[in-house]
Amino acid sequence: MPIIASAKKQLRQNHKRKARNDHFRSLYRESRIAFETAIKAKDTKLAKELLVNKKDKDGKTVTSGLQSIIDKLVKKNIIHKNNGSRKKSKFIKMIKELS
């Protein structure tokens with residue numbers, strides 16, 4: 001355990017950052033797995049819905065799509081910009097192969 005006050009503060013910050021990063025990584029993991037199961041089931045319609053945001057009549061986003069979650073990870077510096085672009089293009093390519 002840290003003894004110096006600045007080290008204690010750094011430990012607190014690390015816990016907060018890890019909790020935030022884990023939360024967003026788990027959101028990504030859940031949506032990716034759902035998307036990949038739709039691809040394996042060859043359900044193009046469901047896969048497209050999981051990839052993009054779902055909006056209601058008023059234009060408000062109801063659920064975030066896989067692309068949106070990847071963009072959030074990039075914005076929050078959890079993954080690198082090029083890594084996010086590579087993942088998004090890979091998922092779009094998977095849908096195009098189904099069609």
Side-chain angles (χ1 to χ4, degrees):
M1 291 299 297
I3 298 171
I4 299 170
S6 62
K8 289 179 184 178
K9 180 179 179 181
Q10 190 65 42
L11 183 66
R12 288 193 308 269
Q13 288 175 335
N14 287 340
H15 286 303
K16 284 183 184 177
R17 289 177 183 146
K18 183 180 183 330
R20 187 193 82 181
N21 291 344
D22 287 347
H23 168 71
F24 284 106
R25 275 197 203 102
S26 69
L27 282 178
Y28 167 70
R29 234 178 263 123
E30 290 170 5
S31 59
R32 179 183 51 96
I33 290 170
F35 176 79
E36 288 176 350
T37 54
I39 292 290
K40 285 179 185 174
K42 299 188 181 196
D43 191 357
T44 310
K45 184 179 178 185
L46 179 63
K48 284 182 182 178
E49 288 177 4
L50 290 170
L51 189 64
V52 295
N53 293 339
K54 289 185 185 176
K55 297 188 178 189
D56 62 0
K57 297 174 189 173
D58 302 330
K60 295 181 181 176
T61 303
V62 179
T63 57
S64 294
L66 187 56
Q67 284 184 331
S68 175
I69 292 171
I70 292 171
D71 289 336
K72 286 178 190 172
L73 293 176
V74 169
K75 185 178 179 184
K76 294 175 186 295
N77 292 323
I78 297 172
I79 62 173
H80 192 268
K81 178 176 64 170
N82 294 349
N83 188 355
S85 296
R86 188 175 66 242
K87 288 179 189 304
K88 288 194 294 187
S89 67
K90 181 180 91 170
F91 295 137
I92 290 170
K93 185 178 176 184
M94 290 168 93
I95 284 184
K96 286 184 179 180
E97 287 175 356
L98 269 183
S99 302

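Hydrogens, waters and symmetry mates are skipped; everything else that's a heavy atom, side chains included, is used. For reference, positions follow the sequence shown, starting with 1.
A side-chain donor-acceptor contact under 3.5 Å links T37 to the backbone of A34.
Here the closest heavy-atom approach between residue I78 and residue F24 is recorded as CD1-CB, 3.7 Å. Residues A47 and I39 share a closest heavy-atom pair of CB-CD1, 3.9 Å. In this structure, G84 and I79 approach most closely via the heavy-atom pair CA-CD1, 3.8 Å.
L27 has its side chain out of reach of L73: every pair of non-hydrogen atoms, C-beta onward, lies at least 4.5 Å apart. Within the 4.5 Å cutoff, side-chain heavy atoms of K76 are placed close to those of R20. Considering only heavy atoms from C-beta on, L11 comes within 4.5 Å of M1 through its side chain. Looking at L66 and L50, their side chains never come closer than 4.5 Å, going by heavy atoms from C-beta outward. Taking 4.5 Å as the limit, every side-chain heavy atom of I70 sits out of range of all side-chain heavy atoms of Q67.
For E36 and K40, the salt-bridge test fails: no basic side-chain N is under 4.0 Å from an acidic carboxylate O.
Interatomic distance, CZ of R29 versus OG of S26, reported as 6.5 Å (0.5 Å rounding).
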Requested in this report: Show your working on side-chain contact (heavy atoms from CB on, under 4.5 Å) between E49 and L46 and close with a plain yes or no.
Outcome: CA-CA 5 Å; E49 288 177 4; L46 179 63; 4.2 Å; yes
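More than 12 heavy-atom neighbours from other residues, nucleotides or ligands sit within 6.0 angstrom of CD1 on I33.
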Report all side-chain donor-acceptor pairs from residues 88-99 shorter than 3.5 Å, counting only partners two or more places apart or in another chain.
| unit_1 | atom_1 | unit_2 | atom_2 | d |
| --- | --- | --- | --- | --- |
| K88 | NZ | D71 | OD1 | 2.7 |
| S89 | OG | S85 | O | 3.3 |
| S89 | OG | R86 | O | 3.0 |
| S99 | OG | I95 | O | 3.3 |

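Take N14 and apply the side-chain contact (heavy atoms from CB on, under 4.5 Å) test, not counting sequence neighbours, and it matches Q10, R17.
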